[in-house]
Amino acid sequence: MNDISPANSARVGVDQRNGIVVLTLNRPERRNALGTDTIRALAQALDTAETDQAIGAIVLTGAAPAFCAGSDLKELGPLSVEEMRRHEADTAAVARRIGMLSTPVIAAVEGFALGGGFILAASCDVVVTADNARWHLPEVPNGWLPPWGLGALVARVGPTKARLLTWGAEPIDGTEALRLGVADYAAPAGEALARATALAEKLAALPREAVASTKRFFEPFATLDGERLDHLAGHMFAADCAAPAAKATLQRFVVKS
């Protein structure tokens with residue numbers, strides 16, 4: 001296995017084999033939440049994989065028991081609204097980067113994909129979900145609009161379904177995620193990674209130039225003006241976070257002295 005892991009390798013596991021690399025979000029004690037160190041490590045791992053000629057596809061997954069619980073509210077809670085907005089903008093840039101890579105990225109979702117974890121998975125080129133995985137966007141119930149990635153969700157399911165999912169009135173399972181188009185494949189519980197890995201190996205075996213050209217051609221449709229929309233959502237998120245409902249949610253995550 002080549003050592004392409006970033007300095008914060010503990011946050012993102014790297015396993016290269018058979019022309020692919022599996023990147024594993026590795027904060028199980030925080031349900032693989034997207035803190036600053038994890039996002040930096042993921043960005044570096046993605047960029048390193050993109051430049052490695054031996055890698056033809058990337059699989060993104062999470063250490064058990066879940067794919068990702070979204071943004072780390074313990075990290076966000078003590079920040080100012082502007083600091084939170086900047087933190088989420090950094091995360092947004094990494095998610096958009098997935099769509100701009102030449103290498104296909106396949107998400108393998110087990111357990112649950114919540115909030116930013118939901119959107120991170122949906123930002124991947126292909127999504128494999130366990131049929132019993134729990135998908136949910138809890139941001140609106142918490143008091144704020146998801147600050148990034150909604151364009152990728154619209155590209156997958158259309159604006160009406162994306163709006164319904166964003167309201168987050170109820171979670172969906174992997175079977176429903178497949179039906180709606182949030183996911184592209186479903187697998188029995190415990191087999192999402194194996195299914196995603198097998199698909200990644202098939203993509204890696206195809207002519208690299210043609211795979212990259214295909215991704216570049218479809219990129220404008222898949223990303224849907226993502227940078228502008230993320231900028232807009234980020235400012236709406238900041239405004240929402242100044243309201244009482246969001247303040248009450250965030251206050252629960254402030255460490256008391």
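All of these numbers come straight from a predicted model, not from anything done at the bench.
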**Student:** Within the distance-only criterion (no hydrogens, no angle test), does the side chain of N26 pair as donor or acceptor with the backbone N or O of N32 below 3.5 angstrom?
**Tutor:** no

**Student:** Can a salt bridge be assigned to the pair E82 and R86 using a cut-off of 4.0 Å between side-chain N and carboxylate O?
**Tutor:** yes

**Student:** Start with the C-alpha gap between T166 and L150, add the side-chain angles, then the distance that decides, and say whether side chain to side chain contact (heavy atoms under 4.5 Å, CB included) holds.
**Tutor:** CA-CA 8 Å; T166 302; L150 293 178; 3.6 Å; yes

**Student:** Could you see if L46 belongs to whatever hydrophobic cluster contains L120? Use Ile, Leu, Val, Met, Phe, Trp, Tyr and a side-chain cutoff under 4.5 Å.
**Tutor:** yes

**Student:** Side chains of W144 and E139: any donor to acceptor distance under 3.5 Å?
**Tutor:** no

**Student:** Is it the case that the side chain of N142 and the backbone of T249 share a donor-acceptor pair, with hydrogens and angles ignored and the cut-off at 3.5 Å?
**Tutor:** no

**Student:** Run the side chain to side chain contact (heavy atoms under 4.5 Å, CB included) check on T197 and L193 step by step: do they pass?
**Tutor:** CA-CA 6 Å; T197 299; L193 179 57; 3.7 Å; yes

**Student:** Check D90, D230, D47 against R97 for a salt bridge (Lys or Arg N to Asp or Glu O under 4.0 Å) and give me the one that passes.
**Tutor:** D47

**Student:** Do V154 and K161 come within less than 4.5 Å of each other through their side chains, counting heavy atoms only?
**Tutor:** no

**Student:** Report the distance from atom CD of E110 to atom OG1 of T61, rounding to the nearest 0.5 Å.
**Tutor:** 7.0 Å

**Student:** Between R85 and E88, does any NZ, NE, NH1 or NH2 come within less than 4.0 Å of an OD or OE carboxylate oxygen?
**Tutor:** no

**Student:** With a 4.5 Å limit on heavy-atom distance, are the side chains of I106 and V127 in contact?
**Tutor:** no

**Student:** Do the side chains of V109 and I98 join up, straight or via other hydrophobic residues, at under 4.5 Å, putting them in one cluster?
**Tutor:** yes

**Student:** Heavy atoms only: give me the nearest A108-F67 pair and the separation to one decimal.
**Tutor:** O-CD1, 3.5 Å

**Student:** Could you tell me whether E201 and R195 make a salt bridge, using a distance below 4.0 angstrom between a side-chain N and a carboxylate O?
**Tutor:** no

**Student:** Rounded to the nearest 0.5 Å, what's the gap from CG on L137 to CG on L153? Could you check?
**Tutor:** 6.5 Å

**Student:** Answer yes or no: is there a side-chain heavy-atom contact under 4.5 Å between L101 and R216?
**Tutor:** no

**Student:** Measure the spacing between CG of L23 and CD1 of I58 and express it to the nearest 0.5 Å.
**Tutor:** 6.0 Å

**Student:** So, do T36 and H87 sit near enough that their side-chain heavy atoms are less than 4.5 Å apart?
**Tutor:** yes

**Student:** When rounded to the nearest 0.5 angstrom, what distance separates CG in L165 from CG in L180?
**Tutor:** 6.0 Å

**Student:** Does G226 offer a backbone N or O that forms a donor-acceptor pair with the side chain of T223 under 3.5 Å?
**Tutor:** no

**Student:** Rounded to the nearest 0.5 Å, how far apart are CG of L34 and CD1 of I39?
**Tutor:** 4.5 Å

**Student:** Okay, side chain of E83, backbone of S80: is any donor-acceptor separation there less than 3.5 Å?
**Tutor:** yes

**Student:** Does I119 offer a backbone N or O that forms a donor-acceptor pair with the side chain of S123 under 3.5 Å?
**Tutor:** yes

**Student:** Within the distance-only criterion (no hydrogens, no angle test), does the side chain of K247 pair as donor or acceptor with the backbone N or O of C241 below 3.5 angstrom?
**Tutor:** no

**Student:** Please state whether the rings of H235 and H231 are parallel, tilted or perpendicular, taking 30° and 60° as the class boundaries.
**Tutor:** perpendicular

**Student:** Tell me whether L73 is reachable from F112 by hopping between hydrophobic residues (I, L, V, M, F, W, Y) whose side-chain heavy atoms are closer than 4.5 Å.
**Tutor:** no

**Student:** Check whether any side-chain heavy atom of V14 sits under 4.5 Å from a side-chain heavy atom of V21, and report yes or no.
**Tutor:** yes

**Student:** Look at the side chain of R156 and the backbone N and O of V182, then say whether any donor-acceptor pair between them is shorter than 3.5 Å.
**Tutor:** yes

**Student:** For A45 and V12, work out which heavy atoms get closest and say how close.
**Tutor:** CB-CG1, 4.3 Å

**Student:** Within the distance-only criterion (no hydrogens, no angle test), does the side chain of E50 pair as donor or acceptor with the backbone N or O of T103 below 3.5 angstrom?
**Tutor:** yes

**Student:** Side chains of L164 and T160: does their closest heavy-atom pair fall under 4.5 Å?
**Tutor:** no

**Student:** Consider only side-chain heavy atoms of I, L, V, M, F, W and Y, link residues closer than 4.5 Å, and tell whether F237 and L114 are in one cluster.
**Tutor:** no

**Student:** Please step through side chain to side chain contact (heavy atoms under 4.5 Å, CB included) for the pair M84 and L250, ending with a clear verdict.
**Tutor:** CA-CA 11 Å; M84 285 191 290; L250 292 168; 3.6 Å; yes

**Student:** If you take all heavy atoms of L229 and G151, which pair is closest and at what distance?
**Tutor:** CD1-CA, 4.1 Å

**Student:** Answer yes if F118 and V126 sit in the same cluster of Ile, Leu, Val, Met, Phe, Trp and Tyr residues linked by side chain heavy atoms under 4.5 Å apart, and no otherwise.
**Tutor:** no

**Student:** Please report the shortest heavy-atom distance between D131 and P188, naming the atom on each side.
**Tutor:** OD2-CA, 3.7 Å

**Student:** Output yes when E176 and R179 qualify as a salt bridge under the 4.0 Å nitrogen-oxygen rule, no when they do not.
**Tutor:** yes

**Student:** Are L25 and L60 side-chain neighbours, meaning at least one heavy-atom pair lies under 4.5 Å?
**Tutor:** yes

**Student:** Going by an N to O cut-off under 4.0 Å, is there a salt bridge joining D37 and R27?
**Tutor:** no

**Student:** Would you name the heavy atoms of A186 and L178 that are closest together and state the gap between them?
**Tutor:** CB-CD2, 3.7 Å

**Student:** Any salt bridge between D173 and R134, counting N to O under 4.0 Å?
**Tutor:** no

**Student:** Out of curiosity, N18 CG to I20 CD1, how far, rounded to the nearest 0.5 Å?
**Tutor:** 6.5 Å

**Student:** Give a yes or no answer on whether the side chain of R208 reaches the backbone of A204 with a donor-acceptor pair at less than 3.5 Å.
**Tutor:** yes

**Student:** Please find the pair of heavy atoms, one from G56 and one from P104, that lie closest to each other, and give the distance.
**Tutor:** O-CD, 3.4 Å

**Student:** Taking the side chain as every heavy atom from C-beta outward, state whether T48 and D52 have any atom pair closer than 4.5 Å.
**Tutor:** no

**Student:** Mark yes or no for whether E75, through its side chain, and G35, through its backbone, hold a donor-acceptor pair below 3.5 Å.
**Tutor:** no

**Student:** Answer with yes or no whether the side chains of W135 and T129 bring together a donor and an acceptor at under 3.5 Å.
**Tutor:** yes

